[in-house]
Amino acid sequence: MMTFRLLAAVLAALLPILPAAAMDAELARLARASGTPDIPGLKIVWLAPWGDVANARPWRNIIVHQTEGPAGSARGGAQAQAKNPTRRGVTVWVETDGTVYWAVAENLVPTHGDGANRNDNKYIDNRPTYRQVVRDNSIGVEFAGNYPDVTAGPTEAQVAAWKILVKVLRARYDIPLERVYAHNWIDYKDARYCEGCTLATMARQWGE
């Protein structure tokens, strides 16, 4: 009787874990796909479909940006980026309603970041980032909507999308959690607010 009860207790403890593990495995599988996969929990507008991940650039970092555009501006920014991939901007744009726009092919490098010029250790230890976390090895994600108040945080829909999106990006490019950075952590930016800091901090706190 005691053995049966112990077994039942173990199974009860595992039940909430098993579906989550299965979901993570499915997400990891989808993250390595090609084309325009339907990823549960994300609404993605594919302006540039995925190719074979083996042909993507060897992205080593994720840089989280925020743009001073109003609600609705991510779509326009992503469309302009798709037409001119190497302009100043990023690969992935996120609208205030959580819609994700994949704007640039994975083998192209948009112009984002200022060369990892921060070396004051204000937010993180900048020894491994100074002049090292740059546009050529970092995929950028831009969250729109902090206008006219640049200190406004991300919307609930953006946070929900980011929670899934960051897992997808990390799984697709094999990027460790400690290589998710806010733009302000690696570059000297607008002193009025900390660009990307809330979202990058969330990603690290969520963990694996």
Side-chain angles (χ1 to χ4, degrees), residues 24 27-39 42-67 74-95 99-119 124 126-144 158 161-187 189 195-196 199-200 203-204 206 208:
D24 286 345
L27 192 65
R29 184 189 69 79
L30 290 171
R32 305 291 291 182
S34 299
T36 59
D38 183 12
I39 299 174
L42 284 183
K43 177 185 176 183
I44 303 182
V45 177
W46 296 96
L47 301 178
W50 282 345
D52 185 337
V53 70
N55 297 326
R57 286 193 62 82
W59 302 118
R60 298 178 58 223
N61 313 289
I62 299 168
I63 301 179
V64 188
H65 300 263
Q66 287 175 282
T67 180
R75 179 169 177 253
Q79 289 174 334
Q81 196 79 54
K83 291 177 182 177
N84 183 10
T86 59
R87 74 191 283 268
R88 187 166 180 84
V90 297
T91 300
V92 186
W93 299 68
V94 184
E95 187 49 73
T99 300
V100 174
Y101 293 86
W102 198 284
V104 178
E106 301 168 286
N107 62 332
L108 299 177
V109 182
T111 304
H112 72 105
D114 298 311
N117 60 13
R118 180 161 225 135
N119 61 353
I124 60 172
N126 288 124
R127 286 175 298 179
T129 70
Y130 183 63
R131 304 302 189 198
Q132 297 176 66
V133 179
V134 293
R135 67 188 184 191
D136 297 291
N137 61 23
S138 306
I139 190 164
V141 184
E142 185 87 68
F143 287 79
Q158 285 176 322
W162 176 231
K163 194 165 190 176
I164 301 170
L165 178 61
V166 70
K167 285 186 177 182
V168 170
L169 293 173
R170 291 185 55 231
R172 184 163 181 80
Y173 306 115
D174 195 26
I175 297 173
L177 191 61
E178 64 270 17
R179 288 184 173 270
V180 179
Y181 299 105
H183 197 185
N184 245 78
W185 292 355
I186 61 166
D187 285 319
K189 298 300 298 175
E195 183 189 339
L199 290 155
R204 293 196 179 195
W206 290 329
E208 301 295 341

Spacing of Gln132 atom CD and Ile186 atom CD1 [to the nearest 0.5 Å]: 11.0 Å
Straight-line distance of Thr129 OG1 to Asn117 CG, nearest 0.5 Å: 9.5 Å
Any donor-acceptor N/O pair, Arg179 side chain to Ile62 backbone, under 3.5 Å: no
Test item: Gln79 and Leu47 side chains (from C-beta on) under 4.5 Å apart, heavy atoms: yes
Any donor-acceptor pair under 3.5 Å from Asp187 side chain to Lys189 backbone: no
Spacing of Thr111 atom OG1 and Asn84 atom CG [to the nearest 0.5 Å]: 8.5 Å
Side-chain heavy-atom pair Leu169, Trp59 within 4.5 angstrom cut-off: no
Evaluation steps, side-chain contact (heavy atoms from CB on, under 4.5 Å), between Trp50 and Val53: CA-CA 7 Å; Trp50 282 345; Val53 70; over 6 Å; no
Stepwise side-chain contact (heavy atoms from CB on, under 4.5 Å) check, Asn184 with Arg118: CA-CA 8 Å; Asn184 245 78; Arg118 180 161 225 135; 3.7 Å; yes
Inter-residue atom distance Arg135.CZ - Thr91.OG1, 0.5 Å rounding: 12.0 Å
Sub-4.5 Å side-chain heavy-atom contact between Arg75 and Thr99: no
Heavy-atom side-chain contact between Glu142 and Gln81 under 4.5 Å: no
Heavy-atom pair with the smallest gap, counting every atom of Ala105 and Ala48: N-CB, 3.5 Å
Ile44 side chain reached by Thr36 side chain, heavy atoms, under 4.5 Å: no
Contact summary for Ala78 and Tyr101, nearest pair of heavy atoms: CB-CB, 3.5 Å
Residue pair Ile164 / Leu27, side-chain heavy-atom distance below 4.5 Å: yes
Lys167 and Asp24, any side-chain heavy atoms less than 4.5 Å apart: yes
Gap separating the CG atom of Asn126 from the CZ atom of Arg131, nearest 0.5 angstrom: 11.0 Å
Main-chain N/O of Ser138 paired to Arg57 side chain as donor or acceptor, under 3.5 Å: no
Any donor-acceptor pair under 3.5 Å from Thr86 side chain to Pro110 backbone: no
Minimum-distance pair of heavy atoms, taken over all atoms of Ala200 and Trp185: CB-CH2, 3.6 Å
Between CG on residue Leu199 and NZ on residue Lys163, distance to nearest 0.5 Å: 13.0 Å
Gln66 side chain to Gly196 backbone, donor-acceptor under 3.5 Å: yes
Evaluation steps, salt bridge (charged side-chain N to carboxylate O under 4.0 Å, His left out), between Asp114 and Arg88: CA-CA 10 Å; Asp114 298 311; Arg88 187 166 180 84; 3.2 Å; yes
Nearest heavy-atom neighbours spanning Ser34 and Gly51: OG-O, 3.1 Å
Heavy-atom closest pair, residues Pro37 and Leu30: CG-O, 4.2 Å
Test item: Asn61 and Tyr173 side chains (from C-beta on) under 4.5 Å apart, heavy atoms: no
Heavy-atom closest contact (Ala203 atom, Val180 atom, distance): CB-CG1, 4.0 Å
